[in-house]
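Heavy-atom basis, side chains included; hydrogens, waters and symmetry copies ignored.
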Amino acid sequence: MKSAVKHVRVIKPSDAAETIGRQRQRLIPCVTTETCGATGISAGMVNMTPGAMSKAHYHAHSEIVVVCLRGRAATLIGPELTPYFHGPGEFIYIPDGVVHVAVNLDETEDLVAVEMRTDPLFNDDVVLTPEYDALVPEVVARLRRRDPVGS
């Protein structure tokens, strides 16, 4: 990869192109190597439609911090898909190599989050783990029965 020149830049999510990641999430990469020459970090928006969930995956080399701005999320972590709940203003840290699934618990409202990664390309090191995908709907259904409005 050609070395990018680092420069200060203000990036509006509305000026960045939305993409669908391999993990089936709507991503808007904002701070990346491509946009401003970042070499050790990236940041972008994650938008999840009502009731949406990502595919099970991990990031091979990237640590992740997600800040929920709007909505109520559950991130299912590890082989047991242990739920971690987070809502507006709350942060979740996910180490590199940890299997996870993002879930919008609300079935009528979008979930909006900011995600920061130690992957300067923002979504370069995603590894899908389809062996967990069959378990996800059952776990999510159980969570929704227990907390139907995500409160």
Side-chain angles (χ1 to χ4, degrees), residues 9-36 38 41-151:
R9 180 167 176 213
V10 174
I11 300 143
K12 296 178 189 175
S14 61
D15 292 339
E18 183 178 86
T19 184
I20 303 296
R22 290 187 295 273
Q23 67 275 47
R24 198 176 60 210
Q25 284 180 294
R26 293 171 41 215
L27 307 171
I28 303 173
C30 295
V31 174
T32 65
T33 299
E34 184 178 282
T35 62
C36 56
I41 193 167
S42 63
M45 303 296 297
V46 178
N47 297 307
M48 296 184 76
T49 57
M53 60 191 86
S54 72
K55 291 183 177 183
H57 66 285
Y58 65 91
H59 300 263
H61 310 289
S62 301
E63 296 174 276
I64 301 168
V65 173
V66 181
V67 182
C68 186
L69 299 178
R70 186 175 70 223
R72 186 87 179 121
T75 301
L76 310 180
I77 299 289
E80 286 78 34
L81 301 174
T82 303
Y84 287 75
F85 301 96
H86 46 111
E90 296 178 327
F91 292 69
I92 183 170
Y93 166 74
I94 305 170
D96 52 314
V98 172
V99 172
H100 59 282
V101 177
V103 178
N104 180 354
L105 289 173
D106 197 308
E107 293 185 275
T108 61
E109 299 292 328
D110 283 352
L111 174 76
V112 178
V114 172
E115 191 163 311
M116 292 143 284
R117 303 177 181 179
T118 56
D119 165 16
L121 301 176
F122 193 67
N123 206 46
D124 191 50
D125 67 344
V126 172
V127 178
L128 297 178
T129 53
E131 61 272 25
Y132 298 106
D133 284 334
L135 303 171
V136 171
E138 178 185 326
V139 171
V140 171
R142 211 171 40 242
L143 294 175
R144 288 197 173 120
R145 277 193 305 274
R146 191 179 85 200
D147 188 11
V149 293
S151 57

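At least one side-chain heavy atom of Asp110 sits less than 4.5 Å from a side-chain heavy atom of Thr49. Considering only heavy atoms from C-beta on, Val139 comes within 4.5 Å of Leu76 through its side chain. Put simply, the side chain of Leu105 reaches to within 4.5 Å of the side chain of Phe85, judged on heavy atoms. Side-chain contact between Arg117 and Ser42 is present, with at least one heavy-atom pair separated by less than 4.5 Å. A 4.5 Å side-chain heavy-atom check between Met45 and Val114 finds at least one atom pair inside the cut-off. Side chains of Tyr132 and Val101 form no contact here, defined as non-hydrogen atoms less than 4.5 Å apart.
Other residues, nucleotides and ligands contribute only 12 or fewer heavy atoms inside 6.0 Å of the CD atom of Glu34. Heavy-atom contacts from other residues, nucleotides or ligands closer than 6.0 Å to CD of Glu138 number 12 or fewer. Within a 6.0 Å sphere centred on OH of Tyr93, other residues, nucleotides and ligands contribute more than 12 heavy atoms.
A donor-acceptor distance shorter than 3.5 angstrom exists from the side chain of Arg9 to the backbone of Thr35, with no hydrogens or angles considered. A donor-acceptor pair is defined here as one N or O able to donate and one able to accept, closer than 3.5 Å; no such pair exists between the side chain of Asp133 and the backbone of Lys55.
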**OP:** Assess whether side chain to side chain contact (heavy atoms under 4.5 Å, CB included) is satisfied between Ile94 and Glu115, documenting all intermediate values.
**Re:** CA-CA 11 Å; Ile94 305 170; Glu115 191 163 311; over 6 Å; no
**OP:** List the steps and the verdict of side chain to side chain contact (heavy atoms under 4.5 Å, CB included) for Val98 and Tyr58.
**Re:** CA-CA 5 Å; Val98 172; Tyr58 65 91; 5.7 Å; no
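Across all non-hydrogen atoms, the minimal contact from Pro88 to Gly71 is CD-O, 3.1 Å. Across Gly21 and Asn123, no two heavy atoms sit closer than the pair CA-ND2, 3.6 Å. Of all heavy-atom pairs between Gly44 and Phe122, the closest is N-CE1, 3.4 Å. For the pair Leu128 and Arg22, the tightest heavy-atom approach, listed with the atom from each and the gap, is CD2-O, 3.4 Å. Listed here is the closest heavy atom pair of Thr118 and His61: OG1-O, 3.8 Å. Across every non-hydrogen atom of Arg24 and Met53, the tightest pair is NH2-O, 3.2 Å.
Rounding to the nearest 0.5 Å gives a distance of 6.0 Å between CZ of Phe91 and CE of Met116. Atom CE of Met48 sits about 6.5 Å away from atom CG of Leu111, to the nearest 0.5 Å. With rounding to the nearest 0.5 Å, the separation of CG in Leu27 from OG1 in Thr19 is 6.5 Å. The distance from the CD atom of Gln23 to the OG atom of Ser54 is 6.5 Å, given to the nearest 0.5 Å. With rounding to the nearest 0.5 Å, the separation of OG1 in Thr75 from NE2 in His86 is 2.5 Å. We find the CG-CZ distance between Asn104 and Arg72 to be 11.0 Å, quoted to the nearest 0.5 Å.
A side chain to side chain contact (heavy atoms under 4.5 Å, CB included) with Asp119 is found for one member of Asp96, Thr32, Ile41, Asp124 and no other, namely Asp124.
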